[in-house]
Each structure stands twice: as C-alpha cells, then as structure tokens.
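Single-structure report; data block below.
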Amino acid sequence: MPAPLMLTGATTAAMLIALMLDAAFGWPNALYARIGHPVTWLGALIDAGDRRLNRADISYGSRRLAGIVLAGAVIALTVGLAFAISHLLPDNRAGVILTGILAWPLVAARSLHDHVAAVARPLAVGDLAGARRAVSMIVGRNPDLLDGPGIARAAAESLAENTSDGIVAPLIWGMLLGLPGIAAYKAINTMDSMIGHRTPRHEAFGWAAARIDDVANLVPARLTGLLFALASPRPAAVLRIMLRDAHAHRSPNAGWPESAFAGALGIRLSGPRTYAGRVAEEPWLNGEAPDPQPRDLARGLALYRRAMVMLAAVMAFIILLGG
C-alpha cells in the first residue's frame, strides 16, 4: 500500500487494526524471543551510533553535528525501509490489513497498561517494595525515595505522558503517512528516549534527537490532553486546568497530557522529584489538588481505557468518512 501524503480511510483503518491487535495481544513473548522487537532493533542501531560517534575527545559543536548526522541517518534508514515495504504491499484491503499487522508492534497500548497495572496492584495492598520494583521499570527517578503517593504520582505521570508518546503520536503519524510515518515517529521517539537527555554525555549529541521529538509530539500531546478531558466526567473543568497548567511543565509537550490527567482525576502531578541524587524543583500541575493515592492509579487506568476506546471510535468515524 503506497504511503499517502494525507490522512485517508485506508491509512486510518490500518492504524486501527494495529491498535486493536496490540490491545488484544500486546507483543507476545514467543514473538519477542524469536525475532525481538522493532524498538530493540532501533535501539541497537542508535546505541552503535552513540558509541561510535559520540566521542569525548571532540568538541561540543562536533558532538552536536555528529548527533544531527546520526538522527538523520536513523530516520532516513527507517523511512526508506518502511517506504520500500509499503510499496510492495497490494493497493487493496489486503494491503490495509498487512499494513496494520506491520504497524502493530509500533503501538504500545497493552504494554503501557500492563506496566502501570503492575504498579497499581501491589500499591493497592500496601506492598511498597513490590510497587517500587514495578515503578522502576517505567520511570527514571530513584524508587527507593518514593513513598506511596510518590509511587502513584510517578506511575500516573508515566501513564499520561506515554499515552501520547506510545499510542496517540505513532497512530497519528501512521494515519497521515502510512507505514513510513509510524516507523519514522518510532525511530524519533526511541532516539529521544536513549540519547535526548541533558547529561554531560548527551547534551550536545542528543540535541537533534530531543528537538525533533519535540516537534513530532507537538500536536499529539495536545490531542492526548483533549482525549483525557473528553473521557473524564467533567471535560470543561479539565480543559481549563490543562490550558492553565500545561505550559508550567519543563517539557513543551508532556505538560498537556499530564495536566489533563491530573485534572480528570482531581490530583496533583509533577512537582519536586529526585534524579541521580539531584532534586528537580518542578512546578505542580493542578497544584491545589491532593497527592494521588493508590486508588487514584486504578482510576487513572480506567480513564486511560476510556480514552483508548474514544480514540478507536474517532478512528472508526474517520474510516467511515473516508470510505
């Protein structure tokens, strides 16, 4: 199925198939054991480029240029391969189904839900050690420093932000540009997660990856916030909180889904947190609300599921409009 230049019923149908497959099956362990996962393939490529090009003996400017070269090469290679594959597919319903199957591993709806649920279960019964182990799989802060509300806050922030990064954004780019679009986004987002950090090693080298990821997520992050608002019992109030607080976040994008999520659940998110022994004094989102409690994480998962159903319904409507 040739890659389109605009959103169509066919590309949306393919992405809806990918979302439904992922929601139903995730990425099965048997498949992972046999062939790995596209993100691990991308990760190996990015890691090789990081080790080869990001050298400590070259200047800051040269490291930034090397990062630009790596970002361009990874995106070009990913898009080129996806474009070639898409042009081998038949331009009919079978091609739509095959595109959906190929896009399936690039959507993370099931794994995101399962990772956060793995935090919510022990937290609900007071097993802080188990909740800390589970939350360490999805956040970068030191879990040993987190109490119950801190664990719930970290997991809720991860759920909100990754709904945009792991589901809404890849699906939008796939709806717009077919298989090359969703593959390009996944390459961009994987680079950002691996090298787009403000650390001594990656501040220069990861600059391009971080900036490209910011641009790729501008629209999806805001649409994710809107989804959470519409899936909540009080959409207008949540939208007001999102519009008021989103810009306070250090990220140009993460504040939108996180502030909407906080408003929908009546909790506060963001705020001070500790990374690598350093306290980051971040402002609160929906700061007048209380800290999240264990039950709020279960409520957050229910909100997430409603938002995903709403997203699927919107995609189905687009398919009907597009024939």
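Keep in mind that what you see is a predicted model, and the values were worked out from it rather than measured. The first residue in the sequence is number 1, and the count goes up from there.
Inter-residue side-chain proximity for W284 and D291 is flagged as met; some heavy-atom pair is nearer than 4.5 Å. Using a 4.5 Å cut-off on side-chain heavy atoms (C-beta onward), M15 and T99 make contact. The closest side-chain heavy-atom distance from L42 to M194 is not below 4.5 Å. Between V116 and Y304 the shortest side-chain heavy-atom distance does not fall below 4.5 Å. Side chains of I75 and I212 form a contact here, defined as non-hydrogen atoms less than 4.5 Å apart. Side-chain contact check for N286 versus F261: every heavy-atom pair is 4.5 Å or farther apart. Two residues are said to be in side-chain contact when any heavy atoms from C-beta on lie closer than 4.5 Å; Y185 and L177 fail this criterion. Side-chain contact between R268 and L285 is absent, with no heavy atoms from C-beta onward closer than 4.5 Å.
Atom CG of L65 is separated from atom CG of L70 by 11.5 Å, given to the nearest 0.5 angstrom. Atom CZ of residue F205 and atom CG of residue N54 lie 5.0 Å apart, to the nearest 0.5 angstrom. Here M20 contributes atom CE and M315 contributes atom CE; the two are 10.0 Å apart, rounded to the nearest 0.5 Å. Taken to the nearest 0.5 Å, the CG atom of L311 stands 8.5 Å off from the CG atom of L16. Here the straight-line distance linking atom CG of L159 with atom CG of L297 works out to 7.5 Å at 0.5 Å rounding. For the atom pair NE2 of H249 and CD of E161, the computed distance is 6.5 Å after rounding to the nearest 0.5 Å.
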L128 and D147: CA distance, side-chain angles, deciding distance, side-chain contact (heavy atoms from CB on, under 4.5 Å) verdict: CA-CA 8 Å; L128 291 186; D147 57 8; 5.6 Å; no

N189 vs N217, side-chain contact (heavy atoms from CB on, under 4.5 Å): CA-CA, chis, key distance, verdict: CA-CA 9 Å; N189 190 245; N217 282 295; 4.3 Å; yes

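Note: the hydrophobic cluster containing L106 does not contain L45 (ILVMFWY, side chain heavy atoms under 4.5 Å, direct or indirect links). In this structure, V219 is a member of the same hydrophobic cluster as L243, with clusters built from ILVMFWY side-chain heavy atoms closer than 4.5 Å. Cluster annotation: I68 and V79 are assigned to distinct hydrophobic clusters (Ile/Leu/Val/Met/Phe/Trp/Tyr, side-chain heavy-atom contacts under 4.5 Å, transitive). Cluster annotation: F25 is connected to I101 through the hydrophobic network of ILVMFWY side chains, with a link wherever side-chain heavy atoms come within less than 4.5 Å. The hydrophobic clustering, which links ILVMFWY residues whose side-chain heavy atoms are closer than 4.5 Å, places I241 and L239 apart.
Not one N or O on the side chain of W256 forms a donor-acceptor pair closer than 3.5 Å with the backbone of H247. No donor-acceptor pair closer than 3.5 Å links the side chain of N162 to the backbone N or O of D165. At least one donor-acceptor pair under 3.5 Å links the side chain of R110 to the backbone N or O of A24. S270 contributes a side-chain N or O that, together with a main-chain N or O of P283, makes up a donor-acceptor pair within less than 3.5 Å. Within the 3.5 Å criterion, the main-chain N or O of R133 finds a donor-acceptor partner in the side chain of S136.
The minimum heavy-atom distance between V139 and S158, with the atom names listed, is CG1-CB, 4.1 Å. Across every non-hydrogen atom of V74 and M191, the tightest pair is CB-SD, 3.9 Å. In this structure, L265 and G300 approach most closely via the heavy-atom pair CD1-CA, 3.7 Å. The shortest non-hydrogen separation linking A109 to L19 is CB-CD1, 4.0 Å. For the pair G174 and T11, the tightest heavy-atom approach, listed with the atom from each and the gap, is O-CB, 3.8 Å. The two residues S193 and T190 have their closest heavy-atom pair at OG-O, 2.8 Å.
Within 6.0 Å of CZ on R93 lie no more than 12 heavy atoms contributed by other residues, nucleotides or ligands. The local environment of CE in M310 is crowded, with over 12 non-hydrogen atoms from other residues, nucleotides or ligands closer than 6.0 Å.
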Under 3.5 Å, sequence neighbours excluded: what are the donor-acceptor pairs made by side chains of residues 220-238?
residue: R222; atom: NH1; partner: L218; partner atom: O; Å: 2.7
residue: R222; atom: NH1; partner: N253; partner atom: OD1; Å: 3.0
residue: R222; atom: NH2; partner: P252; partner atom: O; Å: 3.1
residue: T224; atom: OG1; partner: P220; partner atom: O; Å: 2.8
residue: S232; atom: OG; partner: A229; partner atom: O; Å: 2.7
residue: S232; atom: OG; partner: R234; partner atom: N; Å: 3.4
residue: R234; atom: NH2; partner: G263; partner atom: O; Å: 2.7

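Under the ring-ring contact (aromatic ring centres under 6.0 Å, His included) criterion, the residue pairs touching residues 35-82 are W27-H37, with sequence neighbours excluded.
Residues satisfying the ring-ring contact (aromatic ring centres under 6.0 Å, His included) criterion with H197, sequence neighbours excluded, are absent altogether.
Checked for salt-bridge contact, E288 and R244 meet the test: a charged N lies under 4.0 Å from a carboxylate O.
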